[in-house]
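To start, the structure itself, in structure tokens.
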Amino acid sequence: MEELTVVGKPVTRVDVQEKVTGAAVYGYDLVLPDMVYGKVLFSSKAHARIKRIDTEKAKTYPGVVAVVTGKDAPWIHGEAIRDKPFLAQGKVRYVGEPVAAVAAVDEDTAQAAVRLIEVEYEDLPAYLSPEDACKPGAIPIHEDFASYRKMNFILPGAMPNVCEHFKLRTGDVEQGFRESDIVLEERYFVPTIQHAAMEPHSAHAQVDPATGKVTIWVANDAPFRALHEISEALGLPQEKIRFINPLQGGGFGSKGGLKVEPIAVALAYHTNGRPVRVKFNREETFISTLTRNEAALYIKSGVKKDGTIRAREMTIYWGGGAYAEKSPTVCIRGSLPGPGPYRISHVKVDGYAVYTNKPVAGSFRGYGIPKVAWACEQHTDELARRVGMDPLEFRMKNVFVDGDVSYWGEQLHSVGLKETLTKAAAAIEWGKKSSRVQEFKGLRVGKGLACIQKPTRSPTTSKAGVIVDAKGEVAVLAGTVEIGQGCSTILSQVAAEELKIPIEKIHMAELDTDAIPFDASTTSSRSTYHMGNAVRRAAIDAREKLAEMASPMLEGEKNDLAFADGKVFLKDHPGMALPLGEVIRRKLGADGTVRGDASYTYELAKELDLETGHSDNASAFYMYATQAAEVAVDEETGRVRVLRMSAAHDVGKAINPLNCAAQIEGGLAMGIGSALHEHMVVDDQGKVRNPSFLDYHLVTALDLPEMIPIVVECPEPEGPYGAKGLGEPGLAPTPAAIGNAVADAIGIRIYDLPLSPERVYRAIQENKKKVA
Amino acid sequence: MKKTIHVTLNGRPTNLEVPAHRLLLDLLRDEIGLTGTKEGCGTGDCGACTVLLDGKPVNSCLIFSGELDGADIVTIEGLKIGPELHPVQKAFIQDGGAQCGYCTPGMLMMAKSLLDENPDPSDEEIRFALSGNLCRCTGYAKIVQAVQDAAAELRAKRAG
Ligand code: FES
Ligand code: FES
């Protein structure tokens, strides 16, 4: 292969200059001429019928431009399941559900008018845990569920409030348990947490009174998908809708789908063409946007004395909150590899996504894997302990390797898992007594590790355009959203590599659905692979066209030409060279451009089988990772301190090693927070108790240990330069690795997250009682 | 109730007519149009809105405009030294200190004020100084590295 000039190099971010000067404009910063300001009335009830809404006083309040309720916006949206009203329709399903909205000349006026809206409710029984909501006899949270539009992969459950039932059936688990020497059954639990991106949610919308065109300015991570969802809801053709993406101040899964957008659109239909800004403050962002699914996980395994895992059965209840959002696909893509990256002949999984009367849950970095890993990886350590094997050795014996057929029937390739295991373990001196026992005298020190395999959203498509102009500048048209992950740098590197143009000459075009080709979404760590492939091919297409144009100018065949440093030249006479801009200017004039286009689709051989969960190729690629933790536990207080943590991730090929390390560190920090203290507490009335950064504890600069990011490169043949993906797995094995280290330190297994001092302290006390 | 205040904003003397209860953060963002200062919480818990008030870092979401007469205010837009980026800005670029960048302006203002007071901070001192500035993206490691590198550059400048 030709030597790479910019791919694989630690290039600094292309978007960072404007970020360090304050010039960058985020969704929350956007100002539109003549805009009005929206505020929302949120439900105070977890589950209730709306008997009456009185908006009269709000409507006549000075400065108010519009007041809307569900009656004025009778639209329902949803992706996998179309179940969510723009504003509550006849009933509310969680505390925080938008019931009415006001637009006014300023925010204070809008807020004052919101307070004048009166709502009368009639309470209904509320279900605040997924296991309660699907018990026989539970009343439906969605009475009309049967008639909702659902995607073809949805398999509704037989139990109440189950909006998706994922099934995996391989071999015969009962036989597997009979053949085992040890059978172990456990229950794990992962509570609700929130994305807590530093930029709160907001959206701006405008409806053109003349054309009816709806324009939405929002930092959405999947503008084309959101456009489709709005189009279906409003019954408006797609060309009548336009999404423009300002910068996003982090999302982690919370800023896809529709959150504030429907409210802004509902208001914009009543403001005579004036744009509407709706900004959620932090508290509103906590209670009324998105959360991570809570999950109750039951896991049972049978293992032979020699350490072979024979059978594994899992039942997972994913708490979906009041609306489906992405819970059905979290359920599918989280439950499918839920039993872990292990060779097991007999596997049975039932995953249930269940409606509850809590804030909506759905996509969150890791897409289900952090929850299943919390259960599966601790359970796997327990099995190792019972057969008397070291947890690393036990995994090395059982994990997938190249050529294995997974329990969902897919032959795997490019499996870098073993390398991640050995490297992560070595980085914290696995197998050696902690060197810090002295330093942490009086504390119990231990080590633990956990590994994962993560699929990506499949099948999907990315399209891209690459435009070179007569100045030799390049515009990349790509629908991938810069959410902080660094895609603009990665895609610029890819375009620069193929065109052999200095990266400073590459610019990412503004993300506007009227001007940019289609992309499925910026989710699931799919972008480097899918959009990387599309941009690469579009750049090659442009390069071919440029070669065609240059060939007569340089009096050489196309095959005799080469590209470097923004020039095209004769291979045999490098002196015979033309800058690319010059080629275009000569042929097409000073306004001329050359455009390359490409589309990349990863196809499935066939859809996942709904009854068995089997597929020949469930995912475009798989990401593999192992993280290892060393912890110190204070038995007097229950406090867990992470001393150091390694994270080895198989990325296929690091297009930008600096960015890879940055993604891994960020994932680790989030994972450590979710392991030790993050928990969005919902009380018995369905109300969020800690909707602020004072009470919802994020990790600070003081809370983090030494982090050791390790990049493993086991190339994916279909990926650009061998690349897979990276962003999502960063936090997936973290809590389980810490949980295993805690168990190693104190000899007690803790089944529920977070590992807060109270919980750990209590577990220690109870254990003492038991022993006594 | 409107009030006229006289402030120095990013080095420029400025007269402003402000509603006394308007928060400094909203004054900057909504009335003056300086949106580089970010809002992450509005309740003093995240540091995204950090600006320098008379040389000291403050959460601008907690300061009433009416109290600002005579104040010297520096925001992210005023951090450059002439046309040049401040060393701490350069270091954030070099070391990968920003990802989504939303916490970055607040981080930079806090880091500058730390380096003004303490030209040779330890990692621990940097982490302590930045502990009120939340970042959800980076895990802070590259931010701490960037502040160290900026400190080194500033020391070299002073020496040289
Ligand atoms: S916005 Fe001021 S501290 Fe968060
Ligand atoms: S870079 Fe995104 S919050 Fe810090």
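Hydrogens, waters and symmetry mates play no part in the numbers below; they use all other heavy atoms, side chains included. Just so we're on the same page: letters track the sequence lines, and every chain starts at 1.
- The most heavy-atom pairs under 4.5 Å with chain B, out of A/Q248, A/E678, A/Q663, come from A/E678.
- Taking each heavy atom of B/G40 and A/P200 in turn, the nearest pair found is O-CG, 3.8 Å.
- Residues of residues 666-677 of chain A lying under 4.5 angstrom from chain B, judged on non-hydrogen atoms, are A/G666, A/A669, A/M670 by number.
- Considering only heavy atoms from C-beta on, A/R13 comes within 4.5 Å of B/Q99 through its side chain.
- Contact annotation for A/A24: only backbone heavy atoms (N, CA, C, O) come within less than 4.5 Å of a heavy atom of chain B.
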What's the verdict on side-chain contact (heavy atoms from CB on, under 4.5 Å) for B/E39 and A/Y28, showing C-alpha distance, side-chain angles and the deciding distance?
CA-CA 8 Å; B/E39 176 172 355; A/Y28 220 62; 4.0 Å; yes
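- Taking non-hydrogen atoms and a 4.5 Å limit, the residue list of residues 2-19 of chain B in contact with chain A is empty.
- Heavy atoms of A/M707 lying under 4.5 Å from chain B belong exclusively to its side chain.
- Within the 3.5 Å criterion, the main-chain N or O of A/V20 finds a donor-acceptor partner in the side chain of B/Q89.
- Residues of residues 276-289 of chain A lying under 4.5 angstrom from chain B, judged on non-hydrogen atoms, are A/R277, A/K279, A/R282 in numerical order.
- Looking at B/L34, neither its backbone nor its side chain comes within 4.5 Å of chain A, counting heavy atoms on both sides.
- Within the structure, every pair that satisfies the ring pair (Phe, Tyr, Trp, His ring centres under 6.0 Å) test and touches residues 93-123 of chain B, not counting sequence neighbours, is listed here: A/Y26-B/Y102.
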